[in-house]
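In what follows, every heavy atom counts, from backbone to side chain, and hydrogens, waters and symmetry copies are set aside. Computed from a prediction, not measured in an experiment: that's the story for all the values here.
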Amino acid sequence: MTVDFGLSGRTYLVTGANSGIGRAIATALGDQGCNVAVHYLPATGAPEGAAHTILGEEAAAEIADAIRRCGGRAAIVPADLSKPEEIGGLIAAAETAVGPLDGLVNNAAACELPDSVLDADFGRYRRHYDVNLAAPTLLMSAFARALSARGGSAGRIVNISTDAARAFPGQVFYGTSKAALEAMTRAAAIELGPMGITVNAIAPGPVQTGYIDDALATQVLPAIPLRRLGEPGDVAGPVLFFLSDASSWITGQVVQVAGGHAL
């Protein structure tokens, strides 16, 4: 059963929307009758050691086509979120492509391996923090300024964190950069609240986006009280709630969507 969140006709930018959780969010928005700017990292921009598949333009185009079939406007918008000059133009590019934005979903993330304390180096630190903290912050700023410039009085921002933000040995820059994003979510909620913009975060647990093999599943399942891995759609639903009017008096919150993992 599809829940109607009352989002039909609204317009959103979803970063990292061509695979995994971002794909599920963008597709769910399309099912709601929304217009979606589908951001993707061009395949040539994938760093060595990236822990997740970078699918590039073709996958983004497929998602945009699916959204159009649902009746919404959709466009693909490429950007390397480790490059300030590409971050700076993304909100404007999205609004040119699909119309004035009602909300922003900061889903794109850098996750590289190895990522332990013993493997730490400055380049790995910069790639994680540039994409996982700086880029979402700059996009929140650009969205808020664009909304204010056209006299908008309500907006929605949802940041995608991880329950690894609590502690994740073996992925220290990834986990700590997401912890910083959660702190930024609270700071932005306080600053942008007077503008009518809510800012919340979702912290997924182990979600099967193709990287969890049988051995890892066997290892992690006993630590999940609901005894199953998450699916990307498990995250999309709470995101839609935070974008909807039902959450209009909720801001600055981080909600774990993890089956009870890492409580």
Side-chain angles (χ1 to χ4, degrees), residues 11-27 29 36-65 67 74-98 101 103-115 119-146 157-162 171-178 180-181 184-185 188 201 209-211 232:
T11 304
Y12 302 97
L13 166 63
V14 181
T15 67
N18 60 329
S19 65
I21 290 171
R23 180 189 186 105
I25 294 168
T27 301
L29 287 170
V36 185
V38 178
H39 162 262
Y40 69 97
L41 171 67
T44 53
E48 183 179 351
H52 297 278
T53 304
I54 309 296
L55 297 178
E57 181 176 355
E58 184 176 350
E62 290 175 1
I63 296 161
D65 286 343
I67 292 167
I76 60 174
V77 283
D80 184 340
L81 298 186
S82 69
K83 297 179 178 178
E85 66 274 15
E86 297 193 25
I87 298 168
L90 185 54
I91 295 294
E95 295 203 326
T96 297
V98 295
L101 295 174
L104 164 67
V105 180
N106 280 312
N107 168 76
C111 181
E112 298 179 33
L113 297 175
D115 185 20
D119 293 303
D121 63 51
F122 195 75
R124 189 173 287 110
Y125 155 75
R126 283 295 305 267
R127 287 189 295 274
H128 280 95
Y129 274 76
D130 284 356
V131 175
N132 298 348
L133 178 62
T137 303
L138 294 173
L139 290 173
M140 287 191 286
S141 174
F143 168 69
R145 285 185 278 109
I157 298 173
V158 181
N159 296 320
I160 305 300
S161 182
T162 174
Q171 285 191 274
V172 294
F173 284 146
Y174 176 68
T176 58
S177 63
K178 290 292 193 176
L181 178 61
M184 185 61 72
T185 295
T209 56
Y211 78 98

Glu57 vs Glu62, side-chain contact (heavy atoms from CB on, under 4.5 Å): CA-CA, chis, key distance, verdict: CA-CA 9 Å; Glu57 181 176 355; Glu62 290 175 1; over 6 Å; no
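- In terms of the side chain to side chain contact (heavy atoms under 4.5 Å, CB included) criterion, residue partners of Ala135 (sequence neighbours excluded) are, by chain and number, Leu81, Ile87.
- One finds the SG atom of Cys111 at 13.0 Å from the CZ atom of Phe173 (value rounded to the nearest 0.5 Å).
- For Arg126, the salt bridge (charged side-chain N to carboxylate O under 4.0 Å, His left out) partners are Asp130, not counting sequence neighbours.
- The side chain to side chain contact (heavy atoms under 4.5 Å, CB included) check on Ser177 picks up His128, Tyr129, Asn132, with sequence neighbours excluded.
- With Asn107 contributing its side chain and Gly16 its backbone, the two residues share a donor-acceptor pair below 3.5 Å.
- With hydrogens and angles disregarded, no donor-acceptor distance shorter than 3.5 Å links the side chain of Asp119 to the backbone of Pro114.
- Nearest heavy atoms, Thr209 versus Pro232: CG2-CG, 4.1 Å.
- Rounded to the nearest 0.5 angstrom, Leu133 CG and Leu181 CG are separated by 6.5 Å.
- In this view, Ala37 and Leu13, Val77, Ala94, Val98 satisfy the side chain to side chain contact (heavy atoms under 4.5 Å, CB included) rule, not counting sequence neighbours.
- In this structure, the side chain of Arg124 does not engage the main chain of Leu113 through any donor-acceptor pair within 3.5 Å.
- Taking the salt bridge (charged side-chain N to carboxylate O under 4.0 Å, His left out) definition, one finds that Glu86 meets it with nothing, sequence neighbours left out.
- With hydrogens and angles disregarded, no donor-acceptor distance shorter than 3.5 Å links the side chain of Asn18 to the backbone of Tyr40.
- Between Leu139 and Ile91 the shortest side-chain heavy-atom distance falls below 4.5 Å.
- Atoms CD1 and CE, on Ile157 and Met140 in that order, are 6.0 Å from each other to the nearest 0.5 Å.
- Listed here is the closest heavy atom pair of Ala109 and Tyr174: CB-CE1, 4.4 Å.
- No side-chain heavy atom of Lys178 sits less than 4.5 Å from a side-chain heavy atom of Gln171.
- Between atom OG1 of residue Thr11 and atom CG of residue Leu101 there is a gap of 7.0 Å, rounded to the nearest 0.5 Å.
- Evaluation of the side chain to side chain contact (heavy atoms under 4.5 Å, CB included) rule for Ser82 yields Asp80, Val131 as partners, not counting sequence neighbours.
- Between Ser141 and Arg145, the side chains place a donor N or O and an acceptor N or O closer than 3.5 Å (distance only, hydrogens not considered).
- Partner His39 forms a side-chain contact (heavy atoms from CB on, under 4.5 Å) with one of Leu90, Val14, Ile76 and no other, that one being Leu90.
- Taking 4.5 Å as the limit, every side-chain heavy atom of Tyr12 sits out of range of all side-chain heavy atoms of Leu104.
- Of all the heavy atoms in Ala17 and Val38, the pair that sits closest is CB-CG1, 3.6 Å.
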